[in-house]
Chemist: 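Dumping the structure here so I can ask a few things about it.
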Amino acid sequence: MAELDLDASFIPALHKPPSLLPIAKHRESLLYVVETFPITIIIGQTGSGKSTQIPQFLERAGWCSDGKIIGVTQPRRVAATTVALRVADEVGCEIGKEVGYSIRFEDVTSASTRIKFLTDALLIREALADPLLSRYSVIMVDEAHERSISTDVLLGLLKKIRKKRPELRIIVSSATLQAEEFLKFFTQSSGQESQKEEDGQPSNEIATIVSLEGRTYPIDTLYLESPAEDYVEKAVNTVFDIHTQEGEGDILVFLTGREEIDNAIQMVAERAAQLDSRHGPLQPLPLYAGLSTEQQMYVFDKTPDGTRKVVFSTNIAEASVTIDGIVHVIDCGFVKLRAYNPKTGIETLTTTPISKASASQRAGRAGRTKAGKCYRLYTEDAYQTLPETNPPEIQRSNLASTILQLKALGIDNVVRFDFLSAPPSELMSKALELLYSLGALDEYAKLTQPLGSRMAELAVEPMMAKTLLSAPQFNCLSEMLTIAAMTSLGGNVWFYHDGERNKMESSRRKFAVEEGDHLTLLNVYQTFITKGKKEAKFCHDHNLNYKSMTRAISIRAQLKRYLERFNIGVDETLSSNQQSSSTVDHGKKAEQIRRCLTSGYFAHAARMQPDGTYRNVEGGTILHAHPNSLMFNRKADWVVFHEIMETGEKTYIRDITKIEKNWLVEYAPEFYRLSGTATRA
DNA sequence: GAGCACTGC
């Protein structure tokens, strides 16, 4: 059970024989359009079958005849695998033969593969080795309207590739709202090349929009008459109204985060006790990414007859997780959105009103199996003031790794790159500055060799990539591989059940290593591998997330393969006997690791103040050790940290390790001499 | 004393 992946159990709600799908009658015209236009924008409603049928149409029409293949990208791993499995089933082949998929850690393709599903991030990675993506005759970019950074970068690349490969066919699947924007992007020449459109085609012959109708059920949308003061309370009230007044069908409630979800469930549990016995029982369940796999699985279980399931979820249920049997959706109208401030280098996580596109996506979760209802916990006037869409990710993120990747793809002038939506210049220059200070770019902003191109290939963020590539000099590569893998888990190392928070805290203390969180994570991993024998039971007993821990093993192995490809050997003999090593040895090893971390994370340094808070190097911002950090209640002087994030009122730093102040100047002399700030804090 | 929305390589 513990091995069962939530993702793998995702069952497409709409399983109709392909010939009955509305798309079937458009086969001929679709093929004609793809034949005629290099770029086709497909507006495919939910249930139109576009992702599964179009690749098959193309394959049968001969688009793979000269040994080339059809590639279909998805923003998420789950979608890539489930759609591939379904198409393989329809074609009647074994997965990995004519139809296959490729996602990180899993390449299920072979020499006979003709239709390949993959994540868009992985296709970008393929472009590092094959810049013109020459294996592909057709590339279909699915769910492009979600506008992930990878999708945006991929679309820019494809537009560039098309100039050199006019025969390549590009299909972009989009929601109605964004179709025109995609069309405009592909038909307009980018500024500097406006004079010479290489294939000389008029723009109205380059791209066109095709719309496919879908199969969904009607959804009644209801608004509040006056704004709600407390949407969590209002959501709970609405749950009880539905339960006592409406017919059967499960409820999905969108809230913004874990705290709200836990509170709401508590309230439902309390009020349900007073419920009139003629109403069936209510079963409230939480759903958010931080839950362990087992905890997430409950939302898919069928409830006993008469019991109504109420899933309180974050945005994870908006597109990533689909639950069958939802008839009522309650939408609080807010979402937590990540943004990055290039002036301070601090990420913020802020509760923000959703977009109209989000509101409609949330409502759509109600009408998948029969007619449904959506209760919006805001007024219709408030709805009208919502933005059509949220700003794309690429305009509100730290772009260091994106810029590094573009450089590695041979795009020297990243500022002139043809972005679907150009990022603000402050974001670009901030990223360029960091990459320069890490040594990935030279003073002409050219990728350095071998450091820069190796950093671009490693699947970790640039500061960690630099740390890893410095590790051999500090004689701690094996340990740093583990630390890189563990920090990549993004805080999902520990879990706890209701009321077991103290148990988790004491579990965590058992693994604590004095020097900080990075060494503690190293200790957790090594204990899991050795004493814990990589078993789920060990994780369960110590409040560790088993899925995360196995993921750390995969990430570590992959990073190690990359290093070996760079001819950097990893000596694993030192780390394996760490258990028995003396205190002196530990201190020495720990110092090497701390120095090594400083060589990559010098830009993330802070100093503790007498009151226990920290100041960053510029000195202006009050930073708090995150309560999940070992350093939350310990003394330190100078530290480096992995991540900095502002949530609500406070700015937190996470994954913190003690360092010596003079190491900063030793490993980043230019950074600290130029800014002259190291001594000010 | 007090708390990460979601993806991906």
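So you know, we letter chains A, B, ... as the sequences are listed, proteins then strands, and number each from 1.
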Chemist: Are OP1 or OP2 of B/dC9 and a side-chain N or O of A/T119 less than 4.0 angstrom apart?
Modeler: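 Indeed, a polar side-chain atom of A/T119 lies that close.
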
Chemist: Check the distance between B/dC9's C1' and A/I103's CD1 and give it to me in whole angstrom.
Modeler: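 So the CD1-C1' distance, A/I103 to B/dC9, works out to 11 Å.
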
Chemist: Can you measure A/Q74 atom CD to B/dG8 atom C1' for me and round it to whole angstrom units?
Modeler: 13 Å

Chemist: According to the salt bridge (charged side-chain N to carboxylate O under 4.0 Å, His left out) rule, which pairs have a member within residues 640-654 of chain A, sequence neighbours left out?
Modeler: A/E643-A/R654

Chemist: Not counting sequence neighbours, list each pair that qualifies as a salt bridge (charged side-chain N to carboxylate O under 4.0 Å, His left out) and has a residue in residues 387-404 of chain A.
Modeler: A/K356-A/E388

Chemist: To the nearest angstrom, how far is A/Y562 atom OH from B/dC9 atom P?
Modeler: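 Atom OH in A/Y562 sits about 10 Å away from atom P in B/dC9.
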
Chemist: Take a 6.0 Å sphere around CZ of A/F566 and say whether it holds more than 12 heavy atoms from other residues, nucleotides or ligands.
Modeler: yes

Chemist: Checking all strands, does A/A459 fall into the base, sugar-phosphate, or nothing category for heavy-atom contacts under 4.0 angstrom?
Modeler: base

Chemist: Could you tell me which residues satisfy side-chain hydrogen bond (donor to acceptor under 3.5 Å, both in side chains) with A/S358, sequence neighbours excluded, listed by chain and number?
Modeler: A/E318

Chemist: To the nearest angstrom, how far is A/R634 atom CZ from B/dG1 atom P?
Modeler: 18 Å

Chemist: B/dC9 P sits how many Å from A/F105 CZ, rounded?
Modeler: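 Checked: the CZ to P distance equals 8 Å.
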
Chemist: For every nucleotide of nucleotides 2-7 of chain B, 5' to 3': is a protein heavy atom under 4.0 Å from its base (B), only from its sugar-phosphate (S), or from neither (-)?
Modeler: BBBBBS

Chemist: Does A/N633 reach a base, just sugar-phosphate, or nothing at all? Heavy atoms under 4.0 Å.
Modeler: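 Base: the residue A/N633, judged by heavy atoms under 4.0 Å, touches a nucleobase.
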
Chemist: My understanding is that only residues two or more places apart in sequence, or in another chain, count here; which of them pass side-chain hydrogen bond (donor to acceptor under 3.5 Å, both in side chains) with A/T448?
Modeler: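 Applying side-chain hydrogen bond (donor to acceptor under 3.5 Å, both in side chains) to A/T448 gives none.
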
Chemist: Once side-chain hydrogen bond (donor to acceptor under 3.5 Å, both in side chains) is applied, do any residues pair with A/Y375, and if so which ones, sequence neighbours excluded?
Modeler: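 Checked A/Y375 against side-chain hydrogen bond (donor to acceptor under 3.5 Å, both in side chains); matches are A/H328.
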
